[in-house]
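Just so you know, residue 1 is the first one in the sequence shown, and it goes up from there. All heavy atoms count here, side chains included; hydrogens, waters and symmetry mates do not.
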Amino acid sequence: MAEEAAQEQPSPTAPRPVRCIVKLGGAAITNKGELESINEESLRSACAQLRQAMSESDGDGSPEKVLGMDWSKRQGDPADPAVDAELIAGMAGLGIDTNFIVVHGAGSFGHFQASRSGVHKGGLCSTLVKAGFVATRISVTSLNQEIVRALAREGIPSVGMSPFACGWSTKQRKLASSNASQIIQSLHAGFVPVLHGDAVLDELLDCTILSGDVIIRHLAQLLSPKYVVFLTDVHGVYDRPPTDPNAVLLREIEVNDNGSWSIVKPGLLQGNNKGVEISVAAHDTTGGMETKILEAAVIARLGIDVYITKAGTEHSLRALKGDVSTDSEDWLGTIIRSSK
């Protein structure tokens with residue numbers, strides 16, 4: 001179990017409670033219908049809003065100085081990046097609260113490779129599975145690098161971390177080893193760790209896929225953030241697939257100590273959790289929205305509010321700032337919280 005794995009491995013103490021763990025949903029930051037295609041506008045908007053949420057400015061309206069940290073040359077750039085080292089050396093600080101962790105989904109990266117080869121089912125004795133494991137990791141780590149670059153361009157000091165490379169592993173698809181010391185050390189140093197769903201080794205199956213939602217749940221148990229935000233391509237959790245014209249947005253869900261949950265808002269669905277339908281894309285090897293709800297419920301039982309909302313909206317900015325309450329009638333999204 002994740003809790004046991006955390007106890008087995010000594011790790012440094014976080015400098016202060018992590019403010020927020022953010023999940024950048026794969027469907028929000030990639031074009032899921034196109035293989036390995038990033039939704040540049042959505043990713044840029046999400047990173048800019050994260051920068052706003054981190055800002056320590058007094059809000060006097062004056063423009064913030066953003067220190068771009070992507071100094072590498074991109075394909076097609078006419079010249080090498082300009083870096084004013086003297087100006088940077090004279091800056092007192094970044095002016096942002098970096099006590100955030102970002103975890104992103106794979107979207108159109110990794111899922112195709114994993115499902116085509118059956119990596120999530122295990123069996124490294126198969127040449128197809130072994131090749132698919134490699135292909136999956138190439139795909140998801142390339143997306144991770146692009147997300148780190150997008151965050152860096154907003155002046156967020158981000159460092160990419162792959163669960164496989166950090167030694168995370170599973171046993172029968174359940175988290176078995178999850179050393180978070182590198183994550184905590186990075187937070188100590190003022191960096192924002194950026195993790196992702198990954199292909200990992202499994203003690204019984206040889207290998208499988210570790211989803212970003214499971215990673216978030218474990219980190220929430222370990223680091224007790226003030227709140228957790230899931231940014232998706234829809235406004236929250238619905239009682240049926242959101243493409244259905246009769247779909248109703250579930251605005252507030254309460255989770256009990258025994259793990260059961262009930263719908264608080266809207267009133268017409270109060271106490272009903274049997275009629276909620278979940279749809280999962282055929283190529284999604286991590287469980288889609290169903291996994292998200294189950295993991296969010298575990299987090300909520302810890303007394304940590306979970307906000308699920310659409311990326312790139314005024315609602316996502318408020319969620320990232322933690323400016324949401326159960327009485328927020330003008331906020332569009334789903335709040336999952338403890339019933340206590």
>> R137 vs D198, test: salt bridge (charged side-chain N to carboxylate O under 4.0 Å, His left out). Steps then yes/no.
In response: CA-CA 7 Å; R137 295 212 67 254; D198 203 0; 3.0 Å; yes
> If only atom types and distance count, is the side chain of T334 paired as donor or acceptor with the main-chain N or O of L250 below 3.5 Å?
Replying inline: yes
>> Could you check whether any side-chain heavy atom of L223 comes within less than 4.5 Å of a side-chain heavy atom of I184, counting everything from C-beta outward?
In response: yes
> In terms of hydrophobic clusters joined by side-chain contacts under 4.5 Å, are L302 and F230 together?
Replying inline: yes
> Are I156 and I88 co-members of a hydrophobic cluster defined by side-chain heavy atoms under 4.5 Å apart?
Replying inline: yes
> Can you tell me if W168 uses its side chain to pair, donor with acceptor, with the backbone of A165 under 3.5 Å?
Replying inline: no
> Where the side chain of N179 meets the backbone of S181, is there a donor-acceptor pair that is under 3.5 Å apart?
Replying inline: yes
> Roughly how far, to the nearest 0.5 Å, is the CD1 atom of I304 from the CD atom of Q221?
Replying inline: 8.5 Å
> More than 12 non-hydrogen atoms from neighbouring residues, nucleotides or ligands closer than 6.0 Å to NZ on K226, yes or no?
Replying inline: no
>> Just by distance, no angles: are the side chains of S142 and N144 close enough, under 3.5 Å, to form a donor-acceptor pair?
In response: no
> Hey, mind stepping through V102 and L24 against side chain to side chain contact (heavy atoms under 4.5 Å, CB included) and telling me if it holds?
Replying inline: CA-CA 7 Å; V102 174; L24 296 179; 3.9 Å; yes
> Would you call D202-K171 a salt bridge at under 4.0 Å N-O?
Replying inline: no
> Taking the side chain from Y227 and the backbone from L320, do they hold a donor-acceptor pair closer than 3.5 Å?
Replying inline: yes
> Just by modelled atom types, is the N31 backbone N or O under 3.5 Å from a matching donor or acceptor in the N39 side chain?
Replying inline: no
> Does a donor on one side chain and an acceptor on the other come within less than 3.5 Å for S260 and N258?
Replying inline: yes
> Do you see a donor-acceptor pair shorter than 3.5 Å between the side chains of Q49 and E154?
Replying inline: no
> Quick check: does any side chain N or O of S139 sit under 3.5 Å from a backbone N or O of G110, one acting as donor and the other as acceptor?
Replying inline: yes
> So, do I101 and P225 sit near enough that their side-chain heavy atoms are less than 4.5 Å apart?
Replying inline: no
> Between D233 and K310, is the closest basic N to carboxylate O distance under 4.0 Å?
Replying inline: no
> What's the verdict on side chain to side chain contact (heavy atoms under 4.5 Å, CB included) for Q52 and I96, showing C-alpha distance, side-chain angles and the deciding distance?
Replying inline: CA-CA 9 Å; Q52 286 181 266; I96 58 175; over 6 Å; no
>> Donor-acceptor pair, distance only, cut-off 3.5 Å: does the side chain of T136 make one with the backbone of G132?
In response: yes
> Is it true that F191 and F100 have ring centroids separated by less than 6.0 Å?
Replying inline: no
> Considering only heavy atoms from C-beta outward, does the side chain of M161 approach that of Q182 to under 4.5 Å?
Replying inline: yes
> Mind checking whether L50 and W331 sit in one hydrophobic cluster, side chains of I, L, V, M, F, W, Y counted as touching below 4.5 Å?
Replying inline: yes
>> T141 vs H196, test: side chain to side chain contact (heavy atoms under 4.5 Å, CB included). Steps then yes/no.
In response: CA-CA 8 Å; T141 54; H196 58 87; 4.0 Å; yes
> Can you check whether F164's main-chain N or O pairs, donor with acceptor, with S162's side chain at less than 3.5 Å?
Replying inline: no
> Going only through I, L, V, M, F, W and Y residues with side-chain contacts under 4.5 Å, is there a path from L317 to V228?
Replying inline: no
>> Just to verify, what does F109 make a ring pair (Phe, Tyr, Trp, His ring centres under 6.0 Å) with, not counting sequence neighbours?
In response: none
> Should E203 and T170 be marked as a side chain to side chain contact (heavy atoms under 4.5 Å, CB included) after you check the CA-CA gap, both sets of side-chain angles, and the distance that decides it?
Replying inline: CA-CA 6 Å; E203 292 180 21; T170 57; over 6 Å; no
>> On a heavy-atom basis, which atom in V129 and which in G118 lie closest, and how many Å separate them?
In response: CG2-O, 4.3 Å
> Where the side chain of W261 meets the backbone of E254, is there a donor-acceptor pair that is under 3.5 Å apart?
Replying inline: no
>> Is any side-chain heavy atom of I253 closer than 4.5 Å to one of I335?
In response: no
> Roughly how far apart are I29 CD1 and E146 CD, rounded to 0.5 Å?
Replying inline: 11.0 Å
>> Under a plain distance cut-off of 3.5 Å, with no hydrogens placed, do R149 and S158 share a side-chain donor-acceptor pair?
In response: no
> Shortest non-hydrogen contact from K32 to G107?
Replying inline: CE-CA, 3.9 Å
> Under a single-linkage definition using a 4.5 Å side-chain heavy-atom cutoff for Ile, Leu, Val, Met, Phe, Trp and Tyr, are L151 and W71 assigned to the same hydrophobic cluster?
Replying inline: yes
>> On a heavy-atom basis, which atom in V194 and which in H104 lie closest, and how many Å separate them?
In response: CG1-CD2, 3.9 Å
> Ignoring hydrogens and geometry, is there a side-chain-to-backbone donor-acceptor pair from R173 to L210 under 3.5 Å?
Replying inline: no
> Which one of V229, V298, V22, I299 satisfies the side-chain contact (heavy atoms from CB on, under 4.5 Å) criterion with I216?
Replying inline: I299
> Are D305 and R337 close enough for a salt bridge, meaning some N to O gap below 4.0 Å?
Replying inline: no
>> Looking at every heavy atom in both V237 and I308, which two are closest together, and how far apart are they?
In response: CG2-CD1, 3.8 Å
> Going by atom types only, do H120 and T208 share a side-chain donor-acceptor pair under 3.5 Å?
Replying inline: no
>> Does this structure show an ion pair linking R217 with E295, if we count only N-O contacts that are shorter than 4.0 Å?
In response: yes
> Which heavy-atom pair separates A28 from L231 by the least distance, and what is that distance?
Replying inline: CB-O, 4.0 Å
> Could D97 and R19 be called an ion pair, given the rule that one side-chain N must be under 4.0 Å from one carboxylate O?
Replying inline: yes
>> So, applying side chain to side chain donor-acceptor pair (under 3.5 Å) with R318, which one of T313, T309, D330 is it?
In response: D330
>> I need the minimum non-hydrogen distance between S108 and T30, along with the two atoms involved.
In response: N-OG1, 3.0 Å
